[in-house]
Structures are given as structure tokens and as C-alpha cells.
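Naming convention: chains lettered A, B, ... in sequence-line order (proteins, then strands); numbering from 1 in each chain.
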There are 2 protein chains.
Amino acid sequence: MTTAHELTKNQTLVFNTLSRAEGPLSAYTILDQLRGDGFRAPLQVYRALEKLLDYGMVHRLESINAFVACAHPHNHSHNHGMIAFAICEKCGQVSEFSDDIITQRVREWTTQNGFKQTKTTIEIRGVCAACGTA
Amino acid sequence: MTTAHELTKNQTLVFNTLSRAEGPLSAYTILDQLRGDGFRAPLQVYRALEKLLDYGMVHRLESINAFVACAHPHNHSHNHGMIAFAICEKCGQVSEFSDDIITQRVREWTTQNGFKQTKTTIEIRGVCAACGTA
DNA sequence: TTGACTAATGTAATAACATCACATATCGAG
DNA sequence: CTCGATATGTGATGTTATTACATTAGTCAA
Ligand SMILES: [Zn+2]
Ligand SMILES: [Zn+2]
Ligand SMILES: [Zn+2]
Ligand SMILES: [Zn+2]
């Protein structure tokens, strides 16, 4: 069970910035948005992000070097499934979902091959429904 | 059917470097290995990589900012499945595989959500069998 | 209270990854 | 040969991430 983590000042600022954002933000974009709050160096952002990632409150999108607030904060501890992201390259919107069958298939491959997985990235890039019809 | 692409000089050099490598290489590592062949700037590597990626001869591993020669050059054009990579964080070895069920599940999600996918990244990081028992 | 320990923060410098802008060269079609 | 398309050379710049070290703030036992 994910106990509500006590966030420090910087962690709170970074998390709120991501939560308010429409889409994923780069660490440097976060930094710029927090200059008014006293942020001056990338490390302040990266350190906060590291903790927020640990807590499962934020996800890193590897394919675009950006970060996004988790869309389903409550579910993560219950289900151990792998999380997939669909990232719209037009509007930046990110949809987060989990598929048990994909999770199971990946586990089967790793089991059969003696591979101990620690982290799995599934990112689908393309154009979302809204942007596709526009 | 993948027609054998005529590679240019730089493309050949970059591809051979990746083919000889044990594991994935960063663009800058490739650059360093090709200094003796006259390479001087990152762009020479990135331009060659761009074409090799187009041709499907090389893959980019988004989660580690590195590139690897395709392990199954013949199959890629025949089967349109998504390709997954298992990356060992100890020894760097990469295993490339394709799973029809995963491909299908992803397609189902995108279809149901009106998402037009252009590229999908599936990367499993962990420890390979050899390193796990060592 | 003090001292000692730990977590969090501040800051500068540097490393690592990637692209832009512009010049030059190479090669085949007409 | 001349033109256009593709490939290459080069420096500067942009973007992302980490290292190293100094400082501050909370915790707790003596
Ligand atoms: Zn989430
Ligand atoms: Zn969109
Ligand atoms: Zn391949
Ligand atoms: Zn290994």
C-alpha cells in the first residue's frame, strides 16, 4: 500500500508543476517554471524527480526525455502490471494504461530466458484521436 | 522484402562498428571508434545512423540512448510485429524479439482509442541469465 | 543544550547527447 | 558539361543529465 508520502518543499513544487501541466515536461522546462520559486539549477529538479519516481507519483517517458504526473496514483501499488504510455506527437497528450496480457507475455519471455527484469518501458508514439480527426 | 541497401562510406563504417560491437553503443562511442577513419563530428555518426534506422539495419534503444545492429535483418520486412528488447544492465547484451500477442494487444488499444501509432518502444531492462547466475 | 548524524538543499562546473547552419564534394540524368 | 539531388565536412549551438563540493535543516541521544 502506498502511504501518502510527505513531500519536501522542492518535491511539492515539482509535483505541482507536473500536475498542472497539460502534457509531459522536460526537466529544464520544469526548472524554468520554478525560477520564480527560487529554483536555479537542474539538480534541484532532478533530485525531486528521483524521489517522485520512487514514490510512483511521476513517470519518466524515455522516448522523449520528459516527465509526467501519474494518471492513476491509487492503482499502482495494487496491480503490479507494466504501464504503457501512448504519446501524441501533435498535442503532447499522454494516455497511461496497463494491460494484463502484455504484462503476462513479457513475464513469460523473461522467465523462459532467465532474464530478471527490473524496469520495463512501453511507449507508443503517434497521433491521438483528437489530433487525427482535426 | 528488404533489398540490400547500397551503403555509403560513412554508413558502412558506422554499421560495421555496430556489428562488431558486443552490445549497444552510443553515438559518441561510435564517433570515437571512427576517429581513425576520419570521423570528426557527431553529425557524421547521426546522419549515418538515421539512414541505417530507416533501412531497419539498426535499432535505437531509447532507454539508454544507444544503438545496436539488428539481430534479425531478414525478418523485419516480412513480419510487421513490434520489436521488444531485453537489455542487460550488467553486461550490456541485448536480446531482440517480437511477440505477436503483444503486438496485437497494442493494436487493440490503439484501435479502440483512435490512436494512430507510428512507432512503438518496448524495452525491458534487467539482468540476463548469464549475469544473474554469475 | 550540545554534539553528532542524516536528509535536504544550493551552486558551479562539467559531461553526455543531439541538432542547426552553412560550406563543399560527389554523382547520375539530361 | 550543367543541373539537381545526395552525401559529406565543420564549427557552433542547443538540450539533457551528472559530479563535486558547500551549506542548511531536522533528529535524537547523551
Ligand atoms: Zn501511473
Ligand atoms: Zn493529440
Ligand atoms: Zn531488428
Ligand atoms: Zn548480462
*Should A:Q44 be listed as having a side-chain N or O under 4.0 Å from OP1 or OP2 of C:dG10?*
yes
*Write down the distance between CZ (B:R47) and C1' (C:dC20), rounded to a whole number of angstrom.*
11 Å
*To the nearest Å, how far apart are A:L52 CG and C:dA8 C1'?*
14 Å
*Can a side chain N or O of B:T8 be found less than 4.0 Å away from OP1 or OP2 on D:dA7?*
no
*Of all the nucleotides listed (C:dA8, C:dC17, D:dT8), which has the minimum atom distance to the side chain of B:K9?*
D:dT8
*asked:* Output the rounded distance in Å from CD1 (A:I64) to C1' (C:dC17).
replied: 16 Å
*Separation of B:L31 atom CG from D:dG11 atom P, in whole Å?*
13 Å
*asked:* Checking contacts here: which listed nucleotide (D:dA17, C:dT11, D:dT8) is nearest the side-chain heavy atoms of A:R40?
replied: C:dT11
*Rounded to the nearest Å, what distance is computed from the CG atom of residue A:L43 to the P atom of nucleotide D:dT23?*
17 Å
*According to the interplanar angle, ranging from 0 to 90°, do the rings of B:F67 and B:Y46 count as parallel (below 30°), tilted (30 to 60°) or perpendicular (above 60°)?*
perpendicular
*With respect to the phosphate group of D:dT15, does any side-chain polar atom (N or O) of A:Y28 fall under 4.0 Å of OP1 or OP2?*
no
*Heavy-atom count around A:K119 NZ within 6.0 Å, excluding the residue itself: above 12?*
yes
*Where the side chain of B:N10 is defined as all heavy atoms beyond and including C-beta, which of D:dT18, D:dG9, D:dT10 is the nearest nucleotide?*
D:dG9
*Of A:R60 and B:G38, whose nearest nucleotide on DNA chain D comes first from the 5' end?*
B:G38
*Does the side chain of A:Q33 come under 3.5 Å of the side chain of A:T17 through a donor N or O and an acceptor N or O?*
no
*When you look at CD of A:E89, are more than 12 heavy atoms from neighbouring residues, nucleotides or ligands closer to it than 6.0 Å?*
yes
*Mind calculating the distance between CG (B:L53) and P (C:dA18) to the nearest angstrom?*
11 Å
_Between P on D:dT19 and CD on A:E50, what's the gap in Å once rounded to a whole number?_
11 Å
_So, OP1 or OP2 of C:dA18: does either fall under 4.0 Å of a side-chain N or O from B:N65?_
yes
*asked:* Whole angstroms only, please: what is the CD-P distance between A:E6 and D:dG26?
replied: 14 Å
*Applying side-chain contact (heavy atoms from CB on, under 4.5 Å), run through B:C70 and B:M57 and close with a yes or a no.*
CA-CA 5 Å; B:C70 176; B:M57 300 173 67; 5.6 Å; no
